[in-house]
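For the numbers below, each heavy atom of this structure counts, side chains included, while hydrogens, waters and symmetry mates do not.
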Amino acid sequence: MIAKFFSSEARGNTPLWLVFWFYGVLVSHACFGAILFFYRALETSTVAVLLAGFILYTAWIMRSVWVNAFNVANETYGHLARYLTVVWALNAVLV
């Protein structure tokens, strides 16, 4: 799985709209919302594991958006997706 993650075969096969809007926005918000919802009900170690998993998922999404950015008809959307991914990463680090 890790070899496929870094291989050239894993690049640009997924439509950008799917990676950006579904996996990047919808699923990320749902996962983080679930973490916030269960924050007080779970033990600290469990919340830490969930947050670590969310960080790994976010890293995977940012990479996926980056490599699939130009899998669109209009290249402007690819540049915009990459720009927003950089801003997203900076925001995540600063928060």
Side-chain angles (χ1 to χ4, degrees):
M1 180 175 162
I2 292 178
K4 185 177 180 183
F5 182 76
F6 290 108
S7 74
S8 61
E9 185 177 282
R11 296 183 180 268
N13 296 328
T14 308
L16 177 61
W17 70 267
L18 182 65
V19 173
F20 189 89
W21 290 110
F22 185 74
Y23 298 130
V25 176
L26 186 67
V27 175
S28 290
H29 278 78
C31 289
F32 194 71
I35 291 170
L36 289 177
F37 183 77
F38 292 112
Y39 179 76
R40 292 186 184 262
L42 299 174
E43 295 179 16
T44 304
S45 58
T46 306
V47 172
V49 168
L50 290 175
L51 287 174
F54 184 73
I55 289 169
L56 290 174
Y57 180 77
T58 301
W60 176 76
I61 285 300
M62 289 190 301
R63 181 200 176 271
S64 296
V65 169
W66 191 266
V67 299
N68 289 291
F70 296 109
N71 192 12
V72 292
N74 186 346
E75 241 182 63
T76 303
Y77 294 124
H79 290 292
L80 185 60
R82 282 190 168 180
Y83 170 77
L84 290 171
T85 300
V86 169
V87 172
W88 183 7
L90 290 172
N91 182 49
V93 169
L94 292 174
V95 168

field: Whether Phe32 and Phe54 hold their rings parallel, tilted or perpendicular, with breakpoints at 30° and 60°
entry: tilted
message: Rounded to the nearest 0.5 Å, what separates atom CZ in Phe22 from atom OG in Ser28?
response: 10.5 Å
message: Nearest 0.5 angstrom please: Leu36 CG to Cys31 SG, how far?
response: 11.5 Å
query: Taking side chain as C-beta onward, heavy atoms only, is His29 less than 4.5 Å from Val25?
result: yes
- request: Find out if a path of hydrophobic residues (ILVMFWY) with successive side-chain heavy-atom gaps under 4.5 Å connects Trp88 to Leu51.
  value: no
message: Ignoring hydrogens, what is the shortest heavy-atom contact between Thr14 and Leu18? Give both atom names and the distance.
response: CG2-CD2, 3.8 Å
message: I'd like to know if Trp21 and Val72 are part of one continuous hydrophobic network [Ile/Leu/Val/Met/Phe/Trp/Tyr, side-chain heavy atoms within less than 4.5 Å].
response: yes
field: Between OG1 on residue Thr85 and CG on residue Leu80, distance to nearest 0.5 Å
entry: 9.0 Å
- prompt: How about Tyr23: does its OH atom have over 12 heavy atoms from other parts shown lying under 6.0 Å from it?
  reply: no
- prompt: Measuring from Phe70:CZ to Thr76:OG1, what's the distance to the nearest 0.5 Å?
  reply: 9.5 Å
message: Tell me whether the count of non-hydrogen atoms from other residues, nucleotides or ligands lying under 6.0 Å of OH in Tyr57 goes above 12.
response: yes
Closest non-hydrogen atom pair between Trp66 and Val86, with its separation: CZ3-CG2, 3.8 Å
query: Going hydrophobic residue to hydrophobic residue with side-chain gaps under 4.5 angstrom, can you get from Trp60 over to Ile35?
result: no
message: Is there a path of hydrophobic side-chain contacts, each under 4.5 Å between heavy atoms, that joins Leu56 and Met62?
response: no
- request: Mind listing the closest non-hydrogen atom pair of Leu16 and Ala69 along with its distance?
  value: CD2-O, 3.4 Å
- prompt: Linking I/L/V/M/F/W/Y whenever any side-chain heavy atoms sit under 4.5 Å apart, do Tyr83 and Trp17 land together?
  reply: yes
message: So, taking the atom named CG in Asn68 and the one named CZ in Phe20, what distance separates them when rounded to the nearest 0.5 Å?
response: 12.5 Å
